[in-house]
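All ligand and atom numbering here is 1-based and tracks the order in the structure.
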Amino acid sequence: MSQSTPTDRFNTASAIDKLAHTNLLRQDPKLEFIISNSKKNGLPDITVSPLQGAYLGIQTRIAGAKSVLEIGTLGGYSTLHFVRAGARVTSIDISERHQQVARQNLAEAGAGAEAVEFVLGAALDVLPRLAREGRAFDLVFIDADWAEQYAYFDWAVRLARPGACVYVDNVVRALLECEGAVEGAKESLVTQVGRDARVSATLVPTVSSHKMGPENMFDGFLLAVVL
Ligand code: DHB
Ligand code: MG
């Protein structure tokens, strides 16, 4: 397969995504409902990809996570993966609209209040409150505004049990959008986590056609374990 232009490379990424999706994932009407109902209700089309969702479910099982903290609910697509993997999810979103649609989506999927606790508010207000309440989590999923990635990460670590993992989405996209960050000339999540003695972390770069164009093909997430 030729890979000479960005479009060729994007088509290759798309073919790989399709191969993996078709062969590894099952038909899933509940997840498909979440996507279509979120779209119908005008939510932005920025959820994790189906393959990434499956990864989150597997990661939850590997970790044996029973309590997940999610920063950024959107339509509840990733939320359902955590619930299905056996976790109770506390999911924060700043948008009442997102939360309404997510409630509808998860109710339709059969995930009730025993499975998901929705919290409305700015994460940087909610997270200190959860800490004051003595809450602790086995896995934290951060998928919210990129400018605050390290502020969220810092709270995530404070709210995580020893051995818990913290996943930060879109770390490579955030690096690419910040001039000087890739070169290390400007602070980024990677430089800040690198100095953080509370965790051991890695970056998992990804190539995917999920974000609809060659310019958004490179992404990657940061995964940390709390020491
Ligand atoms: C975009 C993608 C994301 O996964 C996200 O969390 C936010 C924005 C985007 O493609 O713009
Ligand atoms: Mg994201």
Could you identify the single nearest non-hydrogen protein atom to [atom] and state the distance to 0.1 Å?
{"atom": "atom 7 (C) of ligand 1", "result": "I46 CD1, 3.5 Å"}
{"atom": "atom 5 (C) of ligand 1", "result": "N170 OD1, 3.2 Å"}
{"atom": "atom 10 (O) of ligand 1", "result": "R173 NH1, 3.1 Å"}

Exercise for the section: Check each of I71, L222, V171 against Q149 using the side-chain contact (heavy atoms from CB on, under 4.5 Å) test, and report the only one that passes. Expected result: V171
Exercise for the section: Decide whether the shortest distance between a heavy atom of D169 and an atom of ligand 1 is less than 4.0 Å. Expected result: yes
Exercise for the section: Give the atom name of whichever N/O/S atom in D169 sits closest to the Mg ion (ligand 2). Expected result: OD2
Handout entry: Separation between NE2 of H21 and CD1 of I16, rounded to the nearest 0.5 Å
Key = 15.5 Å
Practice task
Rounded to the nearest 0.5 Å, what's the gap from CD on Q27 to OG1 on T22? Could you check?
Solution key: 10.0 Å
Exercise for the section: Run the numbers on R88 and E117 for side chain to side chain contact (heavy atoms under 4.5 Å, CB included), then give the verdict. Expected result: CA-CA 8 Å; R88 179 158 198 268; E117 172 192 21; 3.8 Å; yes
Exercise for the section: Report yes if some heavy atom in the side chain of R198 is under 4.5 Å from a heavy atom in the side chain of D154; otherwise report no. Expected result: yes
Exercise for the section: Could you tell me how the ring of Y167 sits relative to the ring of F221: parallel (under 30°), tilted (30 to 60°) or perpendicular (over 60°)? Expected result: parallel
Exercise for the section: Just say parallel, tilted or perpendicular for the rings of Y150 and F153, cut-offs at 30° and 60°. Expected result: parallel
Practice task
Look only at interatomic distance and state if W146 has a nitrogen or oxygen under 3.5 Å from any nitrogen or oxygen of ligand 1.
Solution key: no
Problem - T47 N/O under 3.5 Å from ligand 1 N/O - result: no
Handout entry: Angle in degrees, rounded to 10°, that OD1 of N170 and OD1 of D143 form at the Mg ion (ligand 2)
Key = 90°
Handout entry: Per-atom contacts of ligand 1 with K211, taking only distances under 4.0 Å to non-hydrogen atoms
Key = 2 (C), 3 (C), 4 (O), 10 (O)
